[in-house]
Amino acid sequence: QQAAYAKLRDVEPFTRDGERIEVMMNAGLRDDVAMLSMTGADGIGLYRTEFQFLVSPALPQRERQTRLYRDVLEAAKGRKVIFRTVDIGGDKSLPYLVNATGREDENPAMGWRALRLALEREGLMKVQARALLEGAAGRELNVMFPMVSEPWEFHAAKEVFDQQLAWLKRQKHQIPTAINFGVMLEVPSLAETLDLLLPHVKFISIGTNDLTQFLFAADRGNPALAERYDWLSPSILRFLARVVQGCVGQPVQLGVCGEMGGRRLEALALIGLGFRRLSITPAAVGQIKELVRRIDTTEIAEAMRGWLASPPENLRTEMLTWCRE
Ligand code: PEP
Ligand code: MG
């Protein structure tokens, strides 16, 4: 199968009606970057920086972080890389980071994790900010913050970067050629204040893995709940449609970086909703590119409008029938 998609590696994913869909990939290890040229992905839409922390016996030194970020950008050969600041804590807890609450989180996914932790452990955030700024010296830097639930968290996190940048400038160090900040939208509350945040961010990436668990109050890792919700359910699709609507006419790049985008019907649904950037598991890049080349965005958008207004009993079956027609 991989061989069949290999021929699409150098083919740009345009839809039949000429819309360019950005098909990016998710990564977390230095070696993952090699998948960029193997799959022909447009870039890395989500680089999970916490992987380095998870495999280290102690907090990785700034120099090690800098080296990793530089290596990743080097290996990406000019393709866009979006670094997500650490999403540790909760279930990805590190023995060398003691929980600020002094006790175990009862609900780790909703606990002291990601940006919440990073903003309190200011040293950790400062070190990572400096490492990213230094690692991207002379190149474009794209930084994304996880688990933002209200705009102030974005401003506080960006402030840490601004301070580090100011220091580097004062010291006359080389800095990135451009710095773009964005957020992950994975906590539903952020959707309610999106209009306030939009003027300040360059991009938004929807983390459908966490978004789904928070929207349905259903643990993403609990197999007993896996059958209870579906990425093609009206709740998810209507939620996403509202986010897309909120971004219309705004100079913000909107994408999805959860697992949802790597599945065929779900990717089709996302394109129908108006998404033009998907960041997905490398293994799915070929098949999603192939899908993109077979669809017409106006047709799928029209079908999606109908499905949103009156959701069929089983959208999955409905979409499969629609695809065959
Ligand atoms: C998500 O939540 O959808 C996401 C992409 O981030 P992670 O899976 O790392 O939580
Ligand atoms: Mg997440």
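In each ligand, atom 1 is the first atom listed, and ligand 1 is the first ligand listed.
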Item checked: Asp210 and ligand 1 - part of the residue with a heavy-atom distance under 4.0 Å ->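 Both backbone and side chain.
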
Note to self: Please work out, at 4.0 Å between heavy atoms, whether the side chain, the backbone, both, or neither of Leu46 comes within that distance of ligand 1.
What the structure shows: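 It is the side chain that touches ligand 1; the backbone stays farther off.
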
Check: Does Asp42 pair with Lys80 as a salt bridge, N-O distance under 4.0 Å?
Finding: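 Here Asp42 does not pair with Lys80 in a salt bridge, since their nearest N and O are not under 4.0 Å apart.
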
Margin query: With a 4.0 Å cut-off on N to O distance, would you call Glu192 and Arg242 a salt bridge?
Written below: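 So Glu192 pairs with Arg242 through a salt bridge.
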
With heavy atoms of [X] as the reference, note each atom of ligand 1 found under 4.0 Å away.
X      : answer
Met184 : 4 (C), 5 (C), 6 (O)
Cys257 : 5 (C)
Glu186 : 1 (C), 2 (O)

Check: Mind checking whether Trp167 and His173 have parallel, tilted or perpendicular rings, split at 30° and 60°?
Finding: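 Aromatic pair Trp167/His173 classed parallel.
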
Next item on the list: Give the ring-plane orientation class for Phe181 versus Phe161, where under 30° counts as parallel, over 60° as perpendicular and anything between as tilted.
Entry: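 Ring orientation, 0 to 90° scale: perpendicular.
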
Checklist line | Atom name in Asp210, limited to N/O/S, at shortest distance from the Mg ion (ligand 2) | finding: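 Result: OD2.
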
Checklist line | Contact with ligand 1 for Arg220, non-hydrogen, under 4.0 angstrom | finding: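 So Arg220 counts as touching ligand 1.
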
Checklist line | Arg84 touching ligand 1 at heavy-atom level, < 4.0 angstrom | finding: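 Yes.
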
Item checked: Contact (N/O only, under 3.5 Å) between Arg48 and ligand 1 ->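 For ligand 1, there is an N or O atom that lies under 3.5 Å from one belonging to Arg48.
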
Check: Backbone N or O of Glu50 within a donor-acceptor pair of the Asp87 side chain at under 3.5 Å?
Finding: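 Judged by distance alone, no pair lies under 3.5 Å.
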
Item checked: Cation-pi geometry met for Arg263 and Trp231 (6.0 Å, 45°) ->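 Judged by the rule (NZ or CZ under 6.0 Å from the ring centre, within 45° of its axis), Arg263 is not positioned above Trp231.
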
Checklist line | Glu186 near the Mg ion (ligand 2): N/O/S under 2.8 Å | finding: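 Here the distance criterion (N, O or S atom, under 2.8 Å) is met by Glu186, so yes.
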
Check: Is it true that the side chains of Gln52 and Ser56 contain a donor and an acceptor less than 3.5 Å apart?
Finding: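 Absent: no donor and acceptor within the cut-off.
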
